[in-house]
Amino acid sequence: MLDAGRHPLIDVISNAEVIGCEGKPGDFRVRVRKNKRYVREDLCVACGQCTDVCPVIAGNEFDVGLKARKAIYRPFPQSVPATYVIDPEFCLNLLGHLSEKQIRRLEKIQKVKQRKNLEYSSNILPCGHCTEACEVDAIDFDMQAEETELNVGAVLVAVGFQEFDARKLGNYGYGRFPNVVTSLEFERMLNASGVTQGHVVRPSDMKTPKRIVFIQCVGARGEGGRPYCSRFCCMNAVKDSMLVRQHDPEVEDVTILYTDLRAFGKGFDDFVQRSLDEKSATYIRGRPAKVDIVPEDDTLEVFVEDTLGHEQKRIPADLVVLSVAAAPNDGAAELSEILGIDTDAYGFVSRRDAAVSAVESTRDGVFVCGSAVGPQIIPDCVAQASAVAARAQLFLTGHRVEKHEEPVEPLDVSGKPRIGILVCRCGFNIAGVLDIDDLVQYATTIPDVVAAAGNTFACSTTGQDDLVELIREHNLNRLVIAACTPRTHEPIFRETCAHIGFNPYLFEMVNIRDQCSWVHAGQPLEAQEKARALIRMGVARARQLEPLHEGEVPMMHSALVIGGGIAGIQAATDLAVQGFPVTLVEKDKQLGGRLAKPHLKYLYPNMRPASEVLTAKLKRLKDSGARVLLNTDVESITGYVGNFEVNLKGETEELIQVGAIILAIGADLYDPKDEYGYSKLPNVITSQELETMLVEDDKNVEVAGTRPKSASFVLCVGSRDPEHFPGCSRYCCPTAIKQAILLRRMGMDITIFYRDIRTISTGAEEMYREARGLGVLFIRIPEGDKVQVNGTDHAESVRCFDDLLGRQLEVPTDLVVLSVGMQPKQPDTSKFHDILKLSVGLDGFFMELHPELGPVETTVEGVLLAGTVQGPKDIVDTVAQASAAAAKASVFLAHENVRLDPAVSVVNEEKCRGCGTCAEICEFHAPELVEIEPGTFVARINASLCKGCGTCTSWCPSGAIISRHFTDRQVHAMIDALFSAETPK
Amino acid sequence: MTPTKTKRAKKAKSTQWNPNIVVFACNWCSYAGADTAGVSRIQHEPHFRMIRVMCSGRIQPGFVLKSFEKGADGVLVSGCHIGDCHYIFGNERALEQFDKTKNMVRLLGLEEGRLRLEWISAAEGARFAEVINEFTAQVRKLGPSPLNSDNRKR
């Protein structure tokens, strides 16, 4: 958020709504109404003094009303922009809270005042505490709503979702019983910075609940709510059960009442297993009928039928958490109308064809991502958001802006340190606790300090001017600012320094607000002493700082996409349409991967022929101008972001240079070998083989010369199996249901043996319901059990214990279909693991940099993952991820040069013994051993790979590595300074 | 509060010995967690000084030993939770370094309770405050470090 707020090319217009959108893709005119904030964004410094004096208390929306806020407030601590806002509903100066009668009366008084020429102000009930408290005069009660028109090339809808209103399900008692809360309310309690600082309490008496019951699918998957699955709630409940136990040992029992446990994402099943191992929760499969109150002791009781244990249960609870479904936002329908895009039956924004592009709405140039199209988990949201960035480029080409800065003459910073110190008052935030004059006076007594001054707001425009003057007047070559945290403000001050040619690495920040005045307000003497020590330490460090200069290496503006499946095609297309030269290499003789003939007939849920989708994709690829090399493999890759050298081998043998690489080699399908009699019995086939038969003829299926009258599907073959692949393959449940529907329509009797039905994608839950309506039987395989296929020369029946009936079942069948899961593609995964030095996860798939923050990035900068190479996915998610990879690649490619952060590690080759420890421990493979003369090795660190963590520095046995900007000398100077003055008595 | 009472309260406070604690924190998690404590105004003991590095993996034994040498009564090493490291495995390296450091500190004859390792995330402001309070109390109980020069003079 902070990054977006600070980005020079992003304008954040908050407190605003779209009221009109005309024009065509590439040239939209969007009208925006900016609502009244009553606080001027250009002046507010977010000091919070107004909030302190405001007399009105209201419920805080961010904490779902569980916490209070004032009428002038900041919505939440990290909000961007940081500007405060006044809530007209509650402010005494504004009318919102008054009845019409009161307003009329007050207006009359005002008219009288005006006539009699008494002091007139637009305030009716003048309170004015905030106006008085504000030192920068940012509060403006006469502010008017503004309308502006924006000229844009593309529009992105990312309005998210809102919670399903649990009051609609009266039997769960939400709204009637105080101790029935929603998952969001529970989440705010669990949050360390939330309402109760992470302690879970019963709202009725604020005591820690001993027994917590989670009810899943509240308002989801039918029955009085919404028909679809909300995707994130299962894992959220599992996570919460673990967190609450870590935090409050007093919690004795956590029970999760679920329908199916949908742990479909990467590593999710492992997580559930951890919860089972740690016994963080008791899992009961069942949907409760109702929640009732036990009046005697004010506890709750949940009535549920345990469908696996075959008994009616009454579960006592102190707190009941409803995992509520995601519903479309209230304003989504209105916004869709304004933008001229369609919504689906539930009110979510529709996509034209999710398999072709996961982020295109029904209007050209208008995109949609995240939960605006339906419930999503965060990694998918992030991937889609990046995908939009790639797709939207199509309408922005030619408008790409690259920032060119005029070089500034660097100031002379040589010679003995001349240190200047600016101590910020931050209004009262610092000055209210610390004695600023004393700190300034103290600073002047420290050796090498030539100037010290206080400032009301160092970060304001005037503060920055003062800063520049201080540097120039005293000819400073080191600068220390004692203010807030470097994590938010260091970039701002650094920019100011760079602007006047003062090397930004000669500036040091001392945190006397967030980590001093704010947290030691009750002990001003100790706080003052701490601030003095921190300043002393900051000066000591500043004395040791060295000017650093950003390096640059030229960027190759071309990309390589490895793998010509659906992900590779999408990624190559999205990059090529932006004008970057793209090479797509495919080992095989045709493009399309698993979408191509004879692999796939129809795509779920809308039964679109795969060939149609593939044709559309191939046309887009052809039009994009990407270069396609078939029957070609990658031999070797060397180099780093911006400058990779790739050896291609195959039809053409050549060496190409690219700036970025997208890996889209896909996944293998599990080979069941002799499991379930697959290798022996001719009528036991895999789901892939059935699909191939359907490609040939989707009206008749013939196996071993006969047409089967019945068929059984076995799910999770090779998935959710610790021996093969512990995770969920995501695509198999809906695929099996799709195939079952097709076979059922041919007149067959169908039985599906499943472990959990995980129909999570859009339209899949509806398909599941359709299958049940058509008479497809679903039988759950008990935990840890396997089905047995019987028959000697061909399969005759499938035997399984049925939990619902509580006895063994034997289902006669003419055909057994094994729904095989995905597996890492081998030997390709190992090969690219070696060549590119990418990390591979425990499940064997390539590891993303971070599941939420970098779902397509890897530890190697400039190398991105697209599709199932990162983990099992269905086509819609693959396409979204491929576009995301393209977007991330274009971020690199759009730059003129690769910028190298100077605050990285360097090796002093004279000291280096060439032991190779650094090369061993570095996750980014930045250090490399080089033979400088026969038998003599030294380490060299590639600055373009180094991230500057400094771990190698602390591990080097010879002390040969220097972590720039965090050198040993700098840290030791701080320790020395810390203890140099009198120790506190 | 009457003036005499205030005085008495101050006197009572000043008799309590306050330790000197050095906290090493990584930029991305634990330093940020301390900031979060600030934003949420969670009050805690002020007798520590923070030194920021980019990653807990940077915190080498020398930093901790130097702190004790100079007179620290306690040293807290903090980083991201395992699995959350901004640099992937930096904190696991920090853990290995910490084990080495602990052994050296033991060799110096210092109590184990003077050195502590904690994982604190950027969101855990309350946790940060809790750790600081706990650790301060723990070190206060142990009393001044035997390596503290002032203490030696006594």
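In what follows, chains carry the letters A, B, and so on, assigned in the order in which the sequence lines appear, proteins first and then strands, with residues in each chain numbered from 1.
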Among the options Ala72(B), Cys26(B), Gly62(B), Gly33(B), pick out the one with the most heavy-atom pairs lying under 4.5 Å from chain A.
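Greatest number of close heavy-atom pairs with chain A: Ala72(B).
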Looking at Phe128(B), Phe48(B), Phe24(B), which has the largest count of heavy-atom pairs under 4.5 Å with chain A?
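Sorted descending by pairs with chain A, the first entry is Phe48(B).
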Report the distance from atom [atom1] of [X] to atom [atom2] of [Y], rounding to the nearest 0.5 Å.
X: Arg541(A); Y: Arg52(B); atom1: CZ; atom2: CZ; value: 7.0 Å
X: His972(A); Y: Ile51(B); atom1: NE2; atom2: CD1; value: 10.0 Å
X: Ser954(A); Y: Glu96(B); atom1: OG; atom2: CD; value: 10.5 Å
X: Lys947(A); Y: His86(B); atom1: NZ; atom2: NE2; value: 8.0 Å
X: His44(B); Y: His520(A); atom1: NE2; atom2: NE2; value: 4.5 Å
X: Asp968(A); Y: Lys66(B); atom1: CG; atom2: NZ; value: 10.0 Å

Verify whether one side chain among Asn18(B) and Glu526(A) offers a donor that lies under 3.5 Å from an acceptor in the other.
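Not at all, the side chains of Asn18(B) and Glu526(A) share no donor-acceptor pair under 3.5 Å.
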Please examine the side chains of Asn511(A) and Asp35(B), heavy atoms only from C-beta on, and report whether any two atoms are closer than 4.5 Å.
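Side chain of Asp35(B) against side chain of Asn511(A), heavy atoms only: contact under 4.5 Å found.
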So do Thr485(A) and Tyr31(B) actually touch side chain to side chain, heavy atoms under 4.5 Å?
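Yes - at least one pair of side-chain heavy atoms lies under 4.5 Å apart.
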Tell me the closest heavy-atom pair linking [X] and [Y], and the distance in Å.
X: Lys70(B); Y: Phe979(A); result: CB-CD1, 3.3 Å
X: Tyr87(B); Y: Glu923(A); result: O-CG, 4.1 Å
X: Val519(A); Y: Ile42(B); result: CG1-O, 3.5 Å
X: Phe966(A); Y: Arg58(B); result: O-NH2, 2.9 Å
X: Lys530(A); Y: Pro46(B); result: CD-O, 3.7 Å
X: Gly90(B); Y: Thr951(A); result: CA-OG1, 4.1 Å

Are there over 12 heavy-atom neighbours, none belonging to Arg969(A), within less than 6.0 Å of that residue's CZ?
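Counting neighbours around CZ of Arg969(A), 12 or fewer heavy atoms of other residues, nucleotides or ligands fall under 6.0 Å, so no.
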Counting only heavy atoms not in Ile378(A) (residues, nucleotides, ligands), do more than 12 fall under 6.0 Å from its CD1?
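Counting other residues, nucleotides and ligands, CD1 of Ile378(A) stays at 12 neighbours or fewer.
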Side chain from CB out, backbone as N, CA, C, O: work out which of these in Glu490(A) comes under 4.5 Å of a heavy atom of chain B, or both, or neither.
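Just its side chain gets close to chain B.
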